[in-house]
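Here's the structure, in structure tokens; my notes come after.
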Amino acid sequence: METTVLCRDAADFAARAGAWAPGRPFPLLACPALDRYRSLFPGGRLPEAERAGRPGVVVSVGDAAPAGRMLAAATGREHHEVEPEHLLKRLAGYAGELVAVVGLAEDLTAAGDWPGATGATVGVLATRDLPSLACLVYRSLTVGAVGEDRVFIASHPMLEDSESADTVEFAGLGVLRERRLKVVVVRSLGKECCVGLPDGIICGRSDPIDGPLPPFEPHYRHMPCMKGEGCHRADLTEDQRLPAADVHATVVFTHSCGSIGVGANLYPNHIALALGFMEGTAVAVVGAMGVHIVQRSAQAEFESALADGLPLGRVVERLADRVHPINGYLNRFGLLGDPGLVVPWPSGRAALRSTPGPRADEAVVRRLAELNNVILPRLERLPWLEPVVDAAEITGLRERVRDLSADLVAPGLAGEVTRLEDEIADFQVRTVRQVAASIYVSGWNYGGPSSTGSARSPSTTRRARAACGTPPCW
């Protein structure tokens with residue numbers, strides 16, 4: 001019996017998907033994403049979609065309902081349909097639950113924001129067109145069928161710890177065109193449309209850089225390639241551009257600014273890096289949202305969560321629990337993929353890399369979080385009140401906290417945190433003395449020179465003291 005069936009068009013797909021049940025051939029539409037997945041099976045026979053329960057619910061947006069229905073049917077979850085303008089309101093009722101949002105990228109853009117902004121633990125199965133979306137759902141249901149149990153790390157050489165990466169050069173990415181690896185980690189400088197190394201770039205576009213483009217709304221940020229002027233990396237040739245869709249991976253983990261922007265995208269979906277990966281053979285992309293500072297211990301937390309058998313939605317939650325208390329929005333991660341999916345992992349807790357990463361000290365993390373979230377914000381507000389406070393020194397303390405937070409497993413971190421706590425305590429004592437001196441000796445002088453004209457003269461002050469018999473209250 002055939003495991004898949006190729007549909008004639010979208011109408012045929014919708015009809016077959018509406019009648020599909022586990023055990024029957026899975027409806028698909030011809031597309032480059034399906035061709036890439038087929039290339040992993042030299043024998044020609046594609047795997048059968050698995051039936052396995054997953055936690056949470058499935059919510060389909062707009063025209064994605066047929067694909068969402070099949071995902072729900074195969075995984076034993078409730079399926080709900082919603083129009084884009086009602087998505088965020090609907091998700092607000094699922095706070096804390098795992099919600100697989102299935103939709104075309106343009107429909108999710110129309111929703112107005114990243115679906116996870118509602119408080120639900122969201123994973124978004126999104127692609128640029130319906131054929132790719134059907135293939136993505138199918139890959140999610142055949143996740144363990146093919147691939148090597150290996151974690152591959154590509155890092156920009158300027159980043160710390162780059163010496164432990166598998167490659168710091170574009171040429172080293174060649175293996176990703178040839179074999180599907182379990183996890184591909186990219187640590188580099190980037191934005192929604194790309195991530196770069198000094199000698200090459202992984203690009204969100206799946207078409208040639210000089211290919212015809214669809215029309216774009218004027219509010220999007222524009223890159224030179226959108227105007228027919230080639231890649232913004234003018235130093236590169238076309239063979240130094242790797243389309244994200246050509247990367248073979250089960251899961252992609254990106255450490256670069258803005259690599260997840262679905263629903264709140266600043267660039268058109270046509271050039272989005274994460275959507276490019278989802279047109280490859282990946283079932284999920286875990287990536288940074290907004291401005292990002294690489295926190296090296298996040299890699300160990302990610303691998304540990306996968307080894308613990310957590311569904312992807314909870315894996316991303318663990319990352320957020322680790323980094324959010326310290327760097328806040330500078331380390332927000334989003335998930336493209338099914339949040340209820342458990343990625344097959346070798347038995348035992350050992351990471352797939354040769355040296356499992358160490359774990360962060362929980363007590364040290366809490367102390368850093370206290371400095372970052374409570375102590376420093378209060379000190380940073382003091383200059384607004386215009387006492388005699390050294391604002392530059394406060395900025396320096398903030399930079400120290402960020403530097404220490406970048407590597408939560410660094411040797412000697414606990415001692416460095418203790419020294420920083422002592423420095424902040426010393427600063428607070430000196431600041432209190434300065435403020436007290438300003439109040440009781442020279443007066444606070446709120447407003448500075450602008451209030452000089454209304455100040456009392458010394459003789460007026462002496463007369464006021466004599467009249468009330470008590471020192472003035474400044």
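The shown structure was predicted, so the numbers you read here are calculated from the model rather than taken from an experiment.
For the residue pair Ser188 and His255, no side-chain donor N or O sits within less than 3.5 Å of a side-chain acceptor on the partner. For the 3.5 Å distance criterion, the side chains of Arg187 and His156 fail to qualify, holding no donor opposite an acceptor. Ser162 and Ser155 are not linked by any side-chain donor-acceptor pair at a separation below 3.5 angstrom, with hydrogens and angles left out of the test. Thr121 and Tyr94 share no side-chain donor-acceptor pair at under 3.5 Å. Side-chain atoms of Arg400 and Ser405 include no donor-acceptor pair closer than 3.5 Å.
Of all heavy-atom pairs spanning Arg128 and Ala272, the tightest one is NH2-O, 2.9 Å. Closest non-hydrogen pair, Leu336 versus Ala274, comes out as CD1-CB, 3.4 Å.
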Show me the donor-acceptor pairs, under 3.5 Å and distance only, between side chains in residues 25-36 and residues at least two apart or in other chains.
| residue | atom | partner | partner atom | Å |
| --- | --- | --- | --- | --- |
| Arg36 | NE | Ala245 | O | 3.3 |
| Arg36 | NH1 | Glu279 | O | 2.8 |

What pairs of donor and acceptor atoms, side-chain ones from residues 99-110 against any protein atom, are under 3.5 angstrom apart with sequence neighbours left out?
| residue | atom | partner | partner atom | Å |
| --- | --- | --- | --- | --- |
| Glu106 | OE2 | Asn269 | ND2 | 2.9 |
| Thr109 | OG1 | Ala105 | O | 3.1 |
| Thr109 | OG1 | Asn265 | OD1 | 3.1 |
| Thr109 | OG1 | Asn269 | ND2 | 3.2 |

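For Glu163, the CD atom counts as densely surrounded, since its 6.0 Å shell holds more than 12 non-hydrogen atoms of other residues, nucleotides or ligands. Within a 6.0 Å radius of CZ in Arg314, more than 12 heavy atoms belonging to other residues, nucleotides or ligands are found. Within 6.0 Å of atom CD in Glu2, 12 or fewer heavy atoms from other residues, nucleotides or ligands are found, so the atom counts as exposed in its surroundings. No more than 12 heavy atoms of other residues, nucleotides or ligands sit less than 6.0 Å from atom CG of Asp63.
Applying the ring-ring contact (aromatic ring centres under 6.0 Å, His included) test between Phe253 and each of Phe333, Phe152, Phe277 identifies Phe333 as the sole match. Under the side-chain contact (heavy atoms from CB on, under 4.5 Å) rule, Glu192 has a single partner from Leu266, Ile260, Val262, which is Leu266.
Taking CZ from Arg51 and CG from Leu141, the interatomic distance works out to 11.5 Å, rounded to the nearest 0.5 Å. Atom-to-atom distance recorded for Met223:CE and Ile271:CD1 is 6.5 Å, nearest 0.5 angstrom. Taking CD of Glu178 as the start and CG of Leu40 as the end, the distance is 12.5 Å to the nearest 0.5 Å. One finds the CG atom of Leu368 at 12.5 Å from the CD1 atom of Ile375 (value rounded to the nearest 0.5 Å). Note that CG of Leu197 and CD1 of Ile202 are 6.5 Å apart. Values are rounded to the nearest 0.5 Å. Rounding to the nearest 0.5 Å places CD of Glu238 at 8.0 Å from SG of Cys203.
Annotation: side-chain contact (heavy atoms from CB on, under 4.5 Å) contacts of Asp403 (sequence neighbours excluded): none.
Inter-residue side-chain proximity for Cys193 and Met226 is flagged as unmet; no heavy-atom pair is nearer than 4.5 Å. Annotation: side chain of Ile201 is in contact with side chain of Cys231 (closest heavy-atom distance under 4.5 Å). The side-chain heavy atoms of Val183 and Val185, taken from C-beta on, include a pair separated by under 4.5 Å. Between Leu46 and Tyr138, some side-chain heavy-atom pair lies under the 4.5 Å cut-off. Put simply, the side chain of Ser256 reaches to within 4.5 Å of the side chain of Ser259, judged on heavy atoms.
Taking the charged nitrogens against the carboxylate oxygens, Arg77 and Asp338 do have a contact shorter than 4.0 Å, which makes a salt bridge. A salt bridge links Glu380 with Arg398: the closest approach of a Lys/Arg side-chain nitrogen to an acidic carboxylate oxygen falls below 4.0 angstrom.
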Residue pair His80, Arg90: steps toward the side-chain hydrogen bond (donor to acceptor under 3.5 Å, both in side chains) verdict: CA-CA 10 Å; His80 305 281; Arg90 185 64 175 269; 3.2 Å; yes
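A donor-acceptor contact shorter than 3.5 Å is absent between the side chain of Arg139 and the backbone of Ala134. Under a 3.5 Å cut-off, the side chain of Asp12 and the backbone N or O of Arg8 do form a donor-acceptor pair.
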